[in-house]
Amino acid sequence: MTKEELAKQAFDECCSPETTVRYGVKRGHPFWNAESTEFMYVPAFHFTAIRGCSRYRYDAVDELGKKHSFEADDCCVLLTPIWAELPEGVVRLTVTALNPDGTDYALVGARTFFRLSPFPGETPPAVCSYRESAVRAYKYAMEQSFIRHWLEHGTPDPSYDLNTYPSKMISMLGHAMLSYARLCPEDADKAMKVAVNAADYLISITPRGDDPLADLPPTYTLDFCPDPEKYGIITPNWHAAVAHMGTMMMIYPASAGSMYVELEAATGDAKYLSEAEKIAAYYLRTVEPNGSWALVRSTQTGEPITPNFISPFEHVVPFLMALYTRTGNEKWKNLADGAVGYVLHTQLPTYNWEGQFEDSPLSTNYMNLTHYAPTSLAKYFAKYHRDDPASMKLAEELMRFVEDQFVIWKRPYPWAHASNEPNGDGYDTSLWHTPAGLEQYGWYVPIDASTSCILQGFIELYNAGCGSLWLAKAKALADQLTRVQHENGQIPTHWMNTENAEKNFWFNCMFESCRTLEMMSAYEDIEP
């Protein structure tokens with residue numbers, strides 16, 4: 001397809017009720033977008049009808065001051081009649097109930113949002129090959145104290161504050177070093193040593209015996225740093241870990257388990273598979289009747305301390321399926337199938353794709369949506385159910401939701417979000433690097449790992465035969481990963497071009513980008 005044809009297909013899909021994101025229907029699908037601020041695909045909003053009124057007028061004033069109007073017999077319909085003509089930018093929508101003679105009766109409601117640009121067909125090209133970009137990033141990482149300390153001492157760097165999240169950081173480190181060993185055989189010995197040292201350390205701090213959470217690596221620890229003031233790591237991340245000490249977020253043992261399975265395959269050391277099976281055994285013992293698990297537990301009692309359940313597709317289902325693939329034991333697949341059932345019967349009908357992050361507070365319904373769970377579910381459908389048309393239709397719907405809410409192809413919304421920067425000036429969205437993927441409503445900013453995760457979902461739809469437009473979108477985001485990369489090889493976490501954003505760097509996010517670039521190297525020469 002030409003760039004123009006790709007752009008037209010993307011635009012048409014964003015404007016059609018047949019290919020839009022699942023929208024709310026009174027007494028049917030819930031309206032998930034009450035907290036949403038931007039839309040790429042034509043939306044519908046929930047307004048309360050006025051008894052006795054059977055006609056409503058929709059007035060949308062665009063950023064240039066032009067009014068776009070239509071009438072309907074319901075106050076909650078899709079904005080299809082005007083969506084194609086609305087330009088990119090801020091839109092102020094009002095819905096008015098009408099008298100039988102067509103005059104205004106009463107204002108029903110109003111909504112201000114940003115109309116995002118659809119995929120433009122043509123985006124800036126990559127500045128180097130995907131493989132080269134990944135290798136440069138890994139070589140940068142290998143020179144940093146975060147890695148060198150693992151290589152030289154076999155313990156976490158006490159000056160790196162994100163080591164307060166051991167399961168999360170070490171799990172991704174292990175995966176990353178195995179990826180680096182594949183990409184650069186000349187550095188494989190060093191990479192493998194880092195992976196083994198890090199995994200062995202995680203095993204060494206895992207509680208055992210009669211501990212209520214025995215065999216589960218901790219989510220939070222401060223023990224790696226004997227003197228945080230000396231090392232200057234009393235940071236927001238340190239405070240977040242302190243605030244959550246005594247708890248375990250139950251998605252992260254599965255992350256460690258996945259890393260152990262991959263490490264056992266690479267080293268042949270059976271102890272890593274044993275650790276993975278111990279973690280899986282805990283999930284087997286504690287699964288809830290709905291097929292999921294309590295999201296947060298007390299490390300003192302092992303009891304749940306929140307009513308929230310795990311969104312299992314990002315971490316737990318992939319872990320259990322990897323363990324099933326490695327061992328052939330049906331109990332792990334059955335456990336994964338139960339978790340799939342939870343998502344299909346609970347999350348999919350409600351579209352409450354709750355953000356679950358170790359450094360963020362838990363949220364109520366729709367307050368903090370994220371792309372991770374729907375992307376993971378779409379990838380699962382594309383991998384395991386690509387011959388089922390109904391599953392693939394859902395997979396495409398899920399990725400359209402992700403694109404709608406978490407991808408910026410051109411201009412971001414212009415209003416500034418509050419930030420935790422010391423000067424309190426917020427982030428100027430005009431300084432953002434786009435195209436990009438945003439992380440979650442609670443941290444609605446461009447992140448390299450989010451960009452990587454989303455493009456993985458796009459490429460899996462392409463692999464499943466859903467069309468070349470998905471490949472074009474995936475490559476556009478992969479190209480951007482190479483463009484934001486610094487001269488020294490670092491792929492920044494936050495794409496906001498501010499001093500404080502540059503300082504807020506997470507190695508695990510860059511490693512996700514590296515693994516994604518490695519994967520995308522197979523598509524480098526394929527044209528959409």
Side-chain angles (χ1 to χ4, degrees), residues 19-23 29-30 32-33 36 41 250-251 254-255 258 283 287-288 290-293 295 308-322 324-325 332-357 363 365-366 368-407 437-441 449-466 470 473-474 477 512 516 519:
T19 49
T20 190
V21 179
R22 174 181 303 199
Y23 52 91
H29 298 311
W32 52 263
N33 60 21
S36 306
Y41 290 79
M250 301 306 298
I251 57 178
S255 295
S258 294
Y283 285 111
V287 64
E288 300 288 343
N290 64 10
S292 186
W293 295 265
L295 178 59
N308 302 61
F309 289 100
I310 285 175
S311 182
F313 261 102
E314 183 188 353
H315 300 281
V316 181
V317 170
F319 164 51
L320 294 172
M321 292 303 294
Y324 165 68
T325 300
W332 307 132
K333 183 178 184 302
N334 293 338
L335 193 57
D337 288 344
V340 172
Y342 165 78
V343 175
L344 297 183
H345 295 107
T346 304
Q347 287 188 288
L348 187 60
T350 64
Y351 250 57
N352 183 36
W353 307 112
E354 176 191 8
Q356 298 180 346
F357 299 87
S363 63
N365 291 350
Y366 307 113
N368 186 32
L369 301 186
T370 184
H371 62 84
Y372 279 104
T375 300
S376 299
L377 178 55
K379 289 163 61 177
Y380 175 87
F381 283 143
K383 183 174 182 179
Y384 296 107
H385 298 281
R386 63 177 56 184
D387 294 329
D388 176 23
S391 293
M392 292 313 303
K393 182 179 180 180
L394 283 173
E396 290 199 89
E397 175 193 287
L398 289 163
M399 289 314 300
R400 290 189 183 110
F401 161 79
V402 167
E403 184 184 12
D404 182 68
Q405 291 297 295
F406 299 100
V407 174
L438 312 183
E439 186 181 73
Q440 53 176 317
Y441 287 1
S450 289
T451 304
S452 297
C453 173
I454 292 167
L455 82 84
Q456 290 174 27
F458 291 162
I459 205 67
E460 289 299 338
L461 291 187
Y462 169 73
N463 290 340
C466 295
W470 295 112
K473 292 176 180 179
L477 295 180
E512 181 65 21
T516 301
M519 176 268 293

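Side chains are part of it too, since the values below use all heavy atoms of this structure and drop only hydrogens, waters and symmetry mates.
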Separation of [Y] [atom2] from [X] [atom1] (nearest 0.5 Å):
X	Y	atom1	atom2	result
Cys453	Glu314	SG	CD	6.5 Å
Phe313	Leu344	CZ	CG	6.0 Å
Trp293	Ile310	CH2	CD1	6.5 Å
Asn33	Arg22	CG	CZ	13.0 Å

### Message
One pair to check against side chain to side chain contact (heavy atoms under 4.5 Å, CB included): Val21 and Trp32. What are the steps and the verdict?
### Response
CA-CA 11 Å; Val21 179; Trp32 52 263; 3.6 Å; yes
### Query
Do any N or O atoms from the side chain of Tyr283 and from the backbone of Ala254 form a donor-acceptor pair under 3.5 angstrom?
yes
### Message
Angle between ring planes, Phe401 versus Tyr351, binned at 30° and 60°: parallel, tilted or perpendicular?
### Response
perpendicular
### Message
Test of understanding: with side chain to side chain contact (heavy atoms under 4.5 Å, CB included), list the residues that count as partners of Asn352, not counting sequence neighbours.
### Response
Thr350, Asn365, Tyr366, Leu369
### Summary
Taken in chain and number order and not counting sequence neighbours, the residues that satisfy ring-ring contact (aromatic ring centres under 6.0 Å, His included) with Tyr372 are Phe357
### Task
Any chance you could lay out the side chain to side chain contact (heavy atoms under 4.5 Å, CB included) test for His29 and Tyr23, step after step, and finish with the verdict?
CA-CA 7 Å; His29 298 311; Tyr23 52 91; over 6 Å; no
### Query
Does a side chain donor of either Gln456 or Thr375 reach within less than 3.5 Å of an acceptor in the other side chain?
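No, no side-chain donor-acceptor contact under 3.5 Å.
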### Task
Evaluate the side chain to side chain contact (heavy atoms under 4.5 Å, CB included) criterion for residues Tyr342 and Glu288: first the C-alpha distance (whole Å), next the side-chain angles of each, then the deciding distance (0.1 Å), finally the verdict.
CA-CA 10 Å; Tyr342 165 78; Glu288 300 288 343; over 6 Å; no
### Ring-ring centroid check Phe406 Tyr441, cutoff 6.0 Å
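They qualify: ring centres under 6.0 Å apart.
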### Message
What verdict does the ring pair (Phe, Tyr, Trp, His ring centres under 6.0 Å) test give for Tyr380 and His385, after you've listed the backbone C-alpha separation in whole Å, the side-chain angles of each residue and the deciding distance to 0.1 Å?
### Response
CA-CA 8 Å; Tyr380 175 87; His385 298 281; 5.6 Å; yes
### Message
As a quick check of understanding, evaluate salt bridge (Lys or Arg N to Asp or Glu O under 4.0 Å) for Glu397 and Lys393, giving each step before the final call.
### Response
CA-CA 6 Å; Glu397 175 193 287; Lys393 182 179 180 180; over 6 Å; no
### Task
Indicate the atoms forming the closest heavy-atom contact of Gln347 with Ser311, along with that distance.
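Shortest heavy-atom separation between Gln347 and Ser311 comes out as NE2-OG, 3.0 Å.
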### Task
Dump the intermediate steps for side chain to side chain contact (heavy atoms under 4.5 Å, CB included) on Leu348 and Trp353, then the final yes or no.
CA-CA 8 Å; Leu348 187 60; Trp353 307 112; 4.0 Å; yes
